[in-house]
Amino acid sequence: MKNLLTIILSVLVIVGFSQPAERKINSTVKEVTVFLQGAQVTRTTAVEVKPGASTLVLSELHPPHVLENSIQAEANMGVKILGVSFRVNYLKDLKTPETTKELIKEKERLSDLIQVEKASLAIFNEEEIMLKSNKIIGGQNGLNVNDLKTAVDYYRQRLIDIQEHKQLINTKLAEYQENIGKIDSQVEKTKVTKPKPEGEIVIKIESKSDARIQLKVDYLVSEASWFPTYDIRAKDIQSPIAITYKASIGQQSGEDWENVKLTVSSANPSSSGGQASDRAMDSWI
């Protein structure tokens with residue numbers, strides 16, 4: 001029984017170490033084909049791989065819109081695609097923007113200054129109370145005129161100094177509180193909301209040697225469409241009519257399609273050979 005347990009543990013250890021570690025890689029949207037309903041997105045990336053099996057993860061996709069069964073991956077010669085799958089990551093970390101971190105740090109600094117100024121204000125208040133509570137000067141025998149004048153001048157001047165210091169402190173406190181209010185408003189604008197689930201495409205590959213591979217991934221998204229529009233123009237009633245065929249495109253897939261090659265197609269992506277368009281127009285956006 002002991003030998004059997006040892007064998008099982010050894011097998012588990014071997015299996016555990018044989019699983020290739022996942023690597024998150026960045027990719028860029030290079031081409032998009034928009035159908036009357038839905039779109040095919042092509043992402044590309046270059047990545048360094050070692051000999052043997054590797055697991056690559058394309059992240060920051062939007063799971064509600066990616067059609068899992070449509071995902072396809074291609075790599076250059078010498079690299080074998082072992083499997084492609086799609087998963088949803090519900091554990092994406094909240095990332096506080098650097099600007100927000102700086103604002104929070106500044107708020108903490110202002111809060112510390114407020115505490116210092118409040119402590120000084122409390123000391124001046126205590127001193128003022130003490131001065132006002134000790135108005136009897138000279139005891140039973142009193143003071144001569146010069147000493148009395150000196151004492152009165154001192155009390156007057158000290159009370160004036162205290163009021164000036166208190167006014168300065170209150171001005172600083174109001175300024176600090178105003179700045180904290182502005183910071184709170186800015187932080188609220190950049191507040192990090194609870195992250196939405198993130199889609200990830202997991203690609204398992206096998207390479208014969210060290211290589212820098214070119215990886216291409218295609219998949220369909222649901223929240224995209226286009227419809228035809230026409231411009232009809234004529235110089236006058238005697239001139240022929242010029243018709244310009246256009247396409248109005250819309251998408252809410254959550255992806256950025258800037259600087260990509262864009263094609264519109266009237267084909268049905270869900271049908272066999274749907275990626276080949278019977279009527280298509282290319283453009284760059």
Side-chain angles (χ1 to χ4, degrees), residues 21-29 57-65 87-200 252-259:
E22 293 186 352
R23 290 175 55 195
K24 284 201 173 185
I25 58 175
N26 296 322
S27 62
T28 305
V29 178
V57 179
L58 274 67
S59 58
E60 298 185 358
L61 304 176
H62 298 268
H65 309 307
R87 70 188 183 193
V88 179
N89 181 2
Y90 294 94
L91 302 177
K92 184 178 179 182
D93 295 332
L94 283 171
K95 293 183 180 179
T96 303
E98 288 300 321
T99 53
T100 302
K101 291 180 181 178
E102 292 298 323
L103 289 171
I104 293 173
K105 187 183 296 185
E106 177 63 12
K107 180 179 178 179
E108 292 173 351
R109 188 185 74 85
L110 291 174
S111 297
D112 291 340
L113 290 176
I114 286 174
Q115 294 306 315
V116 171
E117 295 298 336
K118 283 185 176 180
S120 298
L121 184 61
I123 292 172
F124 283 118
N125 284 333
E126 288 296 326
E127 185 180 358
E128 182 179 11
I129 292 172
M130 182 183 69
L131 287 173
K132 290 181 178 179
S133 300
N134 291 274
K135 294 180 180 179
I136 300 176
I137 302 174
Q140 295 179 350
N141 297 323
L143 292 174
N144 59 46
V145 174
N146 290 331
D147 290 340
L148 179 61
K149 183 176 182 301
T150 300
V152 170
D153 287 343
Y154 168 77
Y155 276 99
R156 181 192 307 112
Q157 186 58 49
R158 189 57 194 155
L159 287 173
I160 290 173
D161 290 342
I162 289 173
Q163 293 303 318
E164 288 179 349
H165 280 94
K166 287 173 62 176
Q167 183 177 356
L168 181 61
I169 290 173
N170 285 323
T171 299
K172 288 183 178 180
L173 288 173
E175 180 183 344
Y176 294 155
Q177 293 290 0
E178 182 181 358
N179 288 338
I180 286 178
K182 291 178 180 178
I183 289 173
D184 287 339
S185 178
Q186 289 179 274
V187 170
E188 185 62 29
K189 292 178 181 178
T190 59
K191 187 176 180 181
V192 179
T193 57
K194 184 178 179 181
K196 296 180 179 179
E198 181 181 270
E200 297 178 337
Q252 293 180 326
S253 67
E255 293 186 322
D256 185 358
W257 289 357
E258 289 188 8
N259 298 319

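Count residues from 1 along the sequence. Any value given below was found using the heavy atoms of this structure, including those in side chains, with hydrogens, waters and symmetry copies removed. None of the values given here were measured: they were computed from a predicted structure.
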In this structure, NZ of Lys182 is separated from CG of Asp184 (nearest 0.5 Å) by 12.5 Å
Can you tell me how far CD of Gln186 sits from OG1 of Thr100, rounded to the nearest 0.5 angstrom? 9.5 Å
To the nearest 0.5 Å, atom CD of Glu106 lies from atom CG of Leu110 at 4.5 Å
List in chain and number order the residues that pass ring pair (Phe, Tyr, Trp, His ring centres under 6.0 Å) with Tyr154, two or more places apart in sequence or in another chain; answer none if no residue qualifies. none
dist His165:NE2 -> Glu128:CD (nearest 0.5 Å) comes out at 13.0 Å
Looking only at heavy atoms, what is the nearest atom pair of Leu103 and Ile183, with distance? O-CG2, 3.5 Å
Out of Leu168, Asp161, Ile162, which one pairs with Glu164 under the side chain to side chain contact (heavy atoms under 4.5 Å, CB included) rule? Asp161
With a 4.5 Å cut-off on side-chain heavy atoms, are Gln167 and Asn170 touching? no
Could you go through the salt bridge (charged side-chain N to carboxylate O under 4.0 Å, His left out) check for Lys105 and Glu108 one step at a time? CA-CA 5 Å; Lys105 187 183 296 185; Glu108 292 173 351; over 6 Å; no
Evaluate whether atom NZ of Lys166 has more than 12 neighbouring non-hydrogen atoms of other residues, nucleotides or ligands under 6.0 angstrom away. yes
Closest heavy-atom pair, Glu255 versus Leu61, reported as atoms and distance to 0.1 Å, is OE2-CD2, 3.8 Å
Separation between CD1 of Ile25 and OG of Ser59, rounded to the nearest 0.5 Å: 9.0 Å
What salt bridge (charged side-chain N to carboxylate O under 4.0 Å, His left out) pairs are there with at least one residue in residues 115-126, not counting sequence neighbours? Glu117-Lys172
Spacing of Asp112 atom CG and Tyr176 atom OH [to the nearest 0.5 Å]: 11.0 Å
